[in-house]
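Positions are given from 1, in the same order as the sequence printed here. Keep in mind it's a predicted model, so treat the numbers as computed, not measured.
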Amino acid sequence: MSGKPNTVRRAILAILAFQIGMAIVLAGGDLMRALPSLIAPSNQPSLDNPVSPGDQTRRFRPADIPARPGNPDRVTDIPSPGNMPSRLRFEETGDAVLLTGTIAGGDADRFDEWLEGRDAPQTIRLHSPGGSVMDALAIGRTIRDIEADTVMESGDICFSACPYVLAGGVTRTVDEDALVGVHQHYFDENVALPAFIAVEDIQRGQAAVVGYLSDMGIDLRIMELSLSTPPDEIYVLLPEELDEYGMTTTES
């Protein structure tokens with residue numbers, strides 16, 4: 001009879017050991033992800049340094065994005081880039097809807113729910129440091145489905161996953177004093193996944209991005225710029241590149 005309690009005890013201890021091991025793996029994975037930037041942080045200039053052809057890569061940390069001068073007629077309570085809401089905020093401003101803040105998981109569903117019962121907006125204005133790629137793709141598809149335009153005004157930013165929302169507009173306009181930037185993304189935060197599954201998730205995520213950009217009429221060469229820029233840096237697109245890759249539209 002004494003064997004059964006010992007078996008149960010060993011099973012409980014095994015489960016506990018497994019949970020501790022998983023915690024170590026998760027913590028170690030986070031450390032390994034952060035280690036490259038700790039050992040060799042980006043030596044690129046900060047985002048308050050103007051870009052020019054061939055000099056377009058900047059250090060990127062959302063909390064440290066410097067404030068930018070804006071249009072004096074812009075919405076006065078729009079947050080500074082380094083003080084964004086932790087998830088998207090939707091706000092009607094005249095004939096447009098302003099999307100500002102970090103794109104968090106679930107924000108695509110929140111946006112769809114927010115639109116319910118409202119007249120479809122004609123214009124979506126963006127001011128976001130990025131965030132969840134999959135939510136950005138879904139929001140972009142919603143914008144295209146309701147046939148809205150996307151716009152960025154002077155001083156606005158659209159980094160990381162945000163350009164995918166920008167791409168959803170039927171017409172896309174970016175002020176010359178706004179900033180649009182791309183870089184590599186994480187598609188799965190679960191660092192405990194086996195390597196082959198993690199690679200599959202990354203490839204599946206990249207496939208979703210490629211399919212989306214193709215559907216939106218964006219030149220897929222923009223992916224080369226994104227994939228070659230580390231997550232702690234951002235490649236800022238020049239106005240002529242935005243036009244070249246179809247991120248902005250021009251009237252014929």
Just verifying a value: how many Å separate [X] [atom1] and [Y] [atom2], rounded to the nearest 0.5 Å?
X	Y	atom1	atom2	value
Arg59	Gln44	CZ	CD	9.0 Å
Thr248	Asp175	OG1	CG	12.0 Å
Leu220	Leu213	CG	CG	6.0 Å
Thr93	Leu98	OG1	CG	5.5 Å
Thr142	Asp109	OG1	CG	9.0 Å
Glu147	Thr171	CD	OG1	11.5 Å

Using distance only, find each side-chain donor-acceptor pair of residues 113-124 under 3.5 Å and give its atom names and separation, not counting sequence neighbours.
from   : atom 1 : to     : atom 2 : distance (Å)
Arg118 : NE     : Glu92  : OE2    : 3.4
Arg118 : NH1    : Trp114 : O      : 2.4

Self-check item: Partner of Arg125 under side-chain hydrogen bond (donor to acceptor under 3.5 Å, both in side chains), chosen from Thr150, Thr100, Asp156
Solution: Asp156

Contact summary for [X] and [Y], nearest pair of heavy atoms:
X	Y	result
Ser86	Thr102	O-CB, 3.6 Å
Ala136	Val165	O-CG2, 3.7 Å
Ala104	Arg87	CB-CB, 3.6 Å
Leu237	Gln56	CA-NE2, 4.3 Å
Thr229	Tyr235	OG1-CB, 3.6 Å
Leu179	Met152	O-CE, 3.4 Å

Less than 4.5 Å apart, side chain to side chain, heavy atoms only: is that true for [X] and [Y]?
X	Y	value
Leu99	Arg89	no
Met247	Pro163	yes
Ile65	Pro129	yes

Exercise. Flag yes if Tyr245 and Val209 sit in one hydrophobic cluster, no otherwise; membership is Ile, Leu, Val, Met, Phe, Trp, Tyr, and two members link when side-chain heavy atoms are under 4.5 Å apart.
Key: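 Yes, one cluster joins them.
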
Quiz item: Out of curiosity, does Val170 fall in the hydrophobic cluster containing Leu137 (side-chain heavy atoms, cut-off under 4.5 Å, transitive links)?
Solution: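 Looking at the clustering, Val170 is in a separate group from Leu137.
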
If only atom types and distance count, is the side chain of [X] paired as donor or acceptor with the main-chain N or O of [Y] below 3.5 Å?
X	Y	result
Asp135	Ile103	no
Arg172	Thr249	no
Asp48	Pro66	no
Arg110	Gly105	no
His183	Pro231	yes

Quiz item: How are the rings of Phe111 and Phe90 set to each other: parallel, tilted or perpendicular (split at 30° and 60°)?
Solution: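 The rings of Phe111 and Phe90 sit tilted, inter-plane angle from 30° to 60°.
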
Quiz item: Does any donor atom in the side chain of Asn49 or Ser46 lie under 3.5 Å from an acceptor atom in the other side chain?
Solution: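 Judged by distance alone, the side chains do pair up.
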
Quiz prompt | Test applied, side chain to side chain contact (heavy atoms under 4.5 Å, CB included); reference residue, Cys162; option that passes from Leu88, Leu126, Ile139 | solution =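 Filter result, single survivor: Leu126.
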
Quiz item: Under the salt bridge (charged side-chain N to carboxylate O under 4.0 Å, His left out) criterion, do Arg141 and Asp215 qualify, and how do the steps go?
Solution: CA-CA 9 Å; Arg141 288 196 183 278; Asp215 290 345; 3.0 Å; yes

Quiz item: Should we say atom CD of Glu224 is surrounded by more than 12 heavy atoms from elsewhere, each under 6.0 Å from it?
Solution: no

